[in-house]
Every structure is written in structure tokens, then in C-alpha cells.
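Okay, structure first, notes after.
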2 protein chains.
Amino acid sequence: MEVSANSHAVQAAPLPVDLADGVFPAGCPSRTVLDHVTSKWGVLILLALSEGEQRWSDLRRRAEGISEKMLAQTLKTLERDGLVRRDAQPVIPPRVDYSLTERGYELSALLVPLVAWAFENAEDIVNGKR
Amino acid sequence: MEVSANSHAVQAAPLPVDLADGVFPAGCPSRTVLDHVTSKWGVLILLALSEGEQRWSDLRRRAEGISEKMLAQTLKTLERDGLVRRDAQPVIPPRVDYSLTERGYELSALLVPLVAWAFENAEDIVNGKR
DNA sequence: CAGTATCCCCAAGGATACTG
DNA sequence: CAGTATCCTTGGGGATACTG
């Protein structure tokens with residue numbers, strides 16, 4: 001696997017949002033959105049789609065280990081959130097393409113570095129290396 | 001609440017990691033790390049700590065809604081992952097400070113924009129606005 | 001103050017079968 | 001192919017009580 005990223009020490013960025021007390025209020029919409037977006041399968045789907053349009057069966061294969069139920073559920077949630085677009089062709093057998101909306105792309109651009117970081121640091125972390 | 005961030009359309013960034021088939025292998029360490037880091041409470045704790053050292057009781061208050069059990073569990077996981085440092089003073093009553101390690105800061109620098117984005121888009125998303 | 005220890009429950013999510 | 005429907009289990013996680 002090829003890896004290329006900025007692994008030089010990043011200094012703590014000042015919070016762009018004022019979260020003085022309470023990182024987020026308990027019932028806050030941001031919590032919900034964050035939960036959708038950072039959900040186990042949500043991240044994987046969003047990431048897969050960041051490489052371009054994919055069919056249901058592609059996504060099933062690429063998000064290795066996902067069940068049909070969870071794929072359907074995750075896609076619906078992301079679609080409702082306006083992050084994923086569903087394009088169903090009226091043909092037989094059916095063909096459905098999933099892709100990111102503009103907002104979805106915006107998000108994936110933030111997700112990609114995070115996932116790349118996880119990928120790069122995974123070994124050290126699970127092995128307890130500092 | 002004060003907000004300042006780059007909300008102009010971000011174009012799809014090319015994936016820095018080659019994930020040709022399978023976003024991630026099922027048993028992959030990155031999956032584990034990603035799960036820790038993007039867990040419901042993990043994000044909130046990491047974010048709170050990105051503003052500096054905090055005590056147990058601070059964290060409990062700031063991650064509004066968290067139970068003692070989940071706070072303990074989340075902190076332990078993050079500590080094992082080398083993202084959070086625990087500093088216990090041998091005084092009575094006990095005083096324990098939590099802070100980010102260097103790796104933790106590196107991560108939080110990636111998390112902050114994500115959370116900021118969620119915060120900015122939350123309203124539109126839950127209201128179904130495009 | 002900073003946690004542990006227990007009990008307990010519900011719903012997230014897997015497996016399987018079926019369908020337009 | 002692209003899903004839906006159903007059943008069923010497990011463990012995530014809340015509430016509460018206790019402790020050094």
C-alpha cells in the first residue's frame with residue numbers, strides 16, 4: 001500500500017469555535033451530525049465515495065464486513081443528511097449509483113486526513129509504541 | 001457562540017492513501033484506531049483536551065451527558081492509545097490532570113476542523129436544507 | 001475528588017430468507 | 001442487482017451505590 005502524507009508534528013490549532021463550557025450541549029444537533037458522520041460505517045462509506053461514484057455492490061465489497069442491513073441504513077442516513085446522492089436507473093436488472101453531494105465532498109476532504117492519520121499511526125498505537 | 005472557519009467549497013482531495021479495493025481490510029488496526037478516535041465520547045474528550053489540561057470533574061462537566069463509567073472507559077482507551085496523558089498528584093483529596101500527548105495534539109488538529117464543520121452544518125442538515 | 005463495582009436493559013447490528 | 005423483512009443475540013452503556 002502506498003502512503004504519502006504530512007506526518008510532521010502538527011501543533012495544536014486554536015479552536016475555531018467557542019466551546020467555553022460544555023464541548024457541546026447534550027441535545028445539540030451537532031452531536032447528531034457528528035454521530036452520523038463518525039459512525040463506524042459512515043466514515044468508511046464516505047471515504048469510499050470520495051473516490052467517486054459507486055454502486056451498491058461496490059460499496060458492499062469495499063466496506064468490508066458491512067451487512068446489507070447496515071449498508072442500507074448508513075446510506076439512508078447519509079442521504080437524508082444531504083451528504084450522499086442516490087441515482088437509481090429504471091432498468092432491469094436495477095442499477096443504482098451512489099455519489100457524494102457537494103456537502104459530502106466538503107466533509108470527505110476533512111475525513112481523508114483523519115483516516116490517513118489513523119492508517120499511519122495504527123501500528124504504533126496498537127503496539128503501544130510512543 | 002463565535003464561529004470563524006473556512007466554509008467555502010472544498011474540492012475533493014485525492015486520497016493520500018491507496019485504498020484500491022476495500023477501504024480497509026476488516027481486521028485492520030486502522031479500523032480499531034478509527035473506532036476509538038471517532039467514538040461518541042472520544043471525539044468530545046479529545047476536543048475538550050485540545051484546549052488544555054483538564055481535571056476529571058472538568059471533563060465530566062464539559063462532555064455533557066457522559067456517565068462516569070464511559071468517562072473512565074474512554075480515558076483509559078485514549079491513554080492506552082498514547083493520545084492522552086494522565087497525571088495523578090498524590091494529595092488528598094486526589095487531583096488528576098488529563099492532557100493530550102504530542103500524538104494526541106496531532107490528532108486533535110485534524111479533529112477540530114471536522115467538529116467545526118459539523119457545528120456549522122448541523123442546522124441545515126437536520127432541517128433538510130440543501 | 002476521582003474513581004470502581006454491579007446490576008440491568010434496550011437497541012445496535014448480524015444472519016438469514018425473501019422480493020421487485 | 002438492489003434492496004426489504006424478520007428474527008435474535010450481545011454487549012454498549014446508563015443508573016446507582018460504594019471506596020481510598
Side-chain angles (χ1 to χ4, degrees), chain A residues 22-27 31-46 48-49 52-81 84-99, chain B residues 22-27 31-46 48-49 52-81 84-99:
Chain A
V23 181
F24 281 113
R31 288 262 191 119
T32 309
V33 172
L34 217 46
D35 283 349
H36 293 179
V37 158
T38 62
S39 73
K40 181 182 173 77
W41 300 115
V43 178
L44 258 31
I45 296 298
L46 254 3
L49 288 178
E53 203 171 57
Q54 317 254 338
R55 302 179 62 173
W56 166 277
S57 43
D58 294 333
L59 291 173
R60 250 222 107 176
R61 230 174 307 110
R62 308 208 35 189
E64 202 179 302
I66 197 171
S67 65
E68 299 195 331
K69 185 182 175 184
M70 288 316 294
L71 180 53
Q73 194 177 112
T74 304
L75 283 173
K76 271 184 183 159
T77 301
L78 295 178
E79 198 192 347
R80 263 190 243 108
D81 287 351
V84 164
R85 177 173 26 246
R86 180 178 184 276
D87 178 29
Q89 258 99 322
V91 296
I92 295 180
R95 176 188 175 109
V96 182
D97 291 305
Y98 290 93
S99 55
Chain B
V23 181
F24 281 114
R31 288 262 189 119
T32 310
V33 172
L34 217 46
D35 283 348
H36 293 178
V37 157
T38 62
S39 72
K40 181 183 172 76
W41 299 115
V43 177
L44 259 31
I45 296 298
L46 253 4
L49 288 178
E53 202 170 58
Q54 316 255 338
R55 302 179 62 174
W56 165 278
S57 43
D58 294 332
L59 291 173
R60 249 220 107 176
R61 229 173 308 110
R62 308 209 37 192
E64 202 179 301
I66 197 172
S67 65
E68 298 196 330
K69 184 181 174 182
M70 288 315 294
L71 179 52
Q73 194 177 113
T74 303
L75 283 173
K76 271 182 183 160
T77 301
L78 296 178
E79 199 192 346
R80 263 189 244 108
D81 288 351
V84 163
R85 179 171 27 246
R86 180 179 185 275
D87 178 31
Q89 257 99 321
V91 296
I92 295 180
R95 175 188 177 109
V96 182
D97 291 306
Y98 291 93
S99 55

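Keep in mind it's a predicted model, so treat the numbers as computed, not measured.
The distance between atom CD of Q54(B) and atom C1' of dA2(C), rounded to the nearest whole Å, is 15 Å. Rounded to an integer number of Å, the gap from CG of L59(A) to P of dA2(D) is 10 Å. In this structure, NZ of K76(B) is placed 15 Å from P of dA2(C), rounded to the nearest angstrom. Put simply, CG on D58(B) is 12 Å from P on dG3(C), counting in whole angstrom units. dG13(D) atom C1' lies 14 Å from atom CG of D35(A), rounded to whole Å.
Nucleic acid contact for R60(A): none, since no nucleic acid atom lies under 4.0 Å from a heavy atom of the residue.
Taking NZ from K40(A) and CG from L34(B), the interatomic distance works out to 10.0 Å, rounded to the nearest 0.5 Å. Put simply, CH2 on W56(A) and CZ on R86(A) are 9.0 Å apart, with the number rounded to the nearest 0.5 Å. Atom CD of Q89(B) is separated from atom CG of D87(B) by 5.0 Å, given to the nearest 0.5 angstrom. The CD atom of E68(B) sits 10.0 Å away from atom CD1 of I66(B), with the distance rounded to the nearest 0.5 Å.
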- Item | Contact letters for nucleotides 9-20 of chain C, in which S counts primed atoms plus P, OP1 and OP2 and B counts the base, heavy atoms under 4.0 Å | ----BBB-B--B
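Within the helix from dC1(C)-dG20(D) to dG20(C)-dC1(D), the inter-axis angle between the opening and closing five-pair segments is 60°, rounded to 10°.
At the phosphate of dG3(D), OP1 or OP2 sits under 4.0 Å from a side-chain N or O atom of R86(A). Taking only side-chain nitrogens and oxygens, Y98(A) never comes nearer than 4.0 Å to OP1 or OP2 of dC1(D). The side chain of R55(A) contributes an N or O atom lying less than 4.0 Å from OP1 or OP2 of dA2(D).
Nearest heavy-atom pair across V43(B) and V37(B) is CG2-O, 3.3 Å. Here the closest non-hydrogen pair linking R31(A) and E64(B) is NH2-O, 2.8 Å.
Applying salt bridge (Lys or Arg N to Asp or Glu O under 4.0 Å) to D58(B) and the options R61(B), R60(B), R62(B) leaves one that passes, R61(B).
L44(B) places none of its side-chain heavy atoms less than 4.5 Å from the side chain of L59(B).
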Can you give me every donor-acceptor pair (side chain of residues 69-79 of chain B, partner residue at least two apart or in another chain, under 3.5 Å) with its distance?
unit_1	atom_1	unit_2	atom_2	d
T74(B)	OG1	M70(B)	O	2.6
T77(B)	OG1	Q73(B)	O	3.0

